[in-house]
Amino acid sequence: TAAATPIGAYGMSGLETSDDWTALLPGFVLTGIGVGMTNPALAMSTLTGLHEMGIRLSIDDYGTGYSSMAYLNRLPVDELKVDRSFVLNMLDNDNDAILVRSAIDLGHNLGLTVVAEGVETDEHVKALRHLGCDIAQGYHFARPMPADDVVEWLRTSGRQTRVAVA
């Protein structure tokens, strides 16, 4: 069984070589990286090292908490994940729909892949497809499951899927 735990930059300070990093992180997408920490220089150095090794980095929950446009400008990220709180309400709330569309456009203009979190209905999928969102993630596709069940689910679901293992 495969398992991966996202490692925040603060947890990488004991690693000294890229060989150490690759042993721990064999090509998983890291999301939810805590960048609002006390040592921004270490965070930037660590994230840059991971990015240079080909590990895709995402800004998770964009639009809430510590995520900001400043991070999009400074961090070596590949992907922007639009927070589920906006996606869930985008069909009923014009402001949320505008924010989702704007986040998708912003991500694309910066050359990032855009992921919509919290997709729960086919209507969400249709709306996001119309807006040009690259990836949809949420209960509409699957609920979290044990790693042992993922292979069978992929075999029988008939969906084109990217799986994050945590």
(request) Determine yes or no for a side-chain-to-main-chain donor-acceptor pair under 3.5 angstrom, with His124 supplying the side chain and Thr121 the backbone. (result) yes
(request) Verify, without hydrogens or angle tests, whether Ser45 (side chain) and Ala41 (backbone) share a donor-acceptor contact under 3.5 angstrom. (result) no
(message) Does atom CG (Asp94) have a neighbourhood of more than 12 heavy atoms from anything else shown, all under 6.0 Å?
(response) no
Side chains of [X] and [Y] in contact at under 4.5 Å (non-hydrogen atoms):
| X | Y | answer |
| --- | --- | --- |
| Leu110 | Val77 | no |
| Val119 | Val87 | yes |
| Val114 | Tyr62 | no |
| Glu52 | Thr48 | yes |
| Leu57 | Leu75 | no |
| Glu117 | Val82 | no |
| Asp134 | Glu79 | no |

What's the spacing between [X] [atom1] and [Y] [atom2] if we round to 0.5 Å?
| X | Y | atom1 | atom2 | value |
| --- | --- | --- | --- | --- |
| Arg74 | Leu47 | CZ | CG | 11.0 Å |
| Glu123 | His140 | CD | NE2 | 8.5 Å |
| Cys133 | His108 | SG | NE2 | 6.5 Å |
| Asp96 | Asp83 | CG | CG | 10.0 Å |
| Met44 | Leu42 | CE | CG | 11.5 Å |
| Asn89 | Arg84 | CG | CZ | 9.5 Å |

Going hydrophobic residue to hydrophobic residue with side-chain gaps under 4.5 angstrom, can you get from [X] over to [Y]?
| X | Y | value |
| --- | --- | --- |
| Leu91 | Val125 | yes |
| Ile98 | Phe86 | no |
| Leu88 | Leu80 | no |

(request) Check step by step if side-chain contact (heavy atoms from CB on, under 4.5 Å) holds for His51 and Asp78. (result) CA-CA 9 Å; His51 183 77; Asp78 305 287; 3.0 Å; yes
(request) For Asp60 and Ser58, test the side chains for any donor-to-acceptor distance below 3.5 angstrom and give the result as yes or no. (result) no
(request) Please report the C-alpha distance between Leu112 and Leu72 in whole Å, then the side-chain angles of each, then the deciding distance to 0.1 Å, and finally whether the side-chain contact (heavy atoms from CB on, under 4.5 Å) criterion is met. (result) CA-CA 9 Å; Leu112 303 175; Leu72 290 175; 3.8 Å; yes
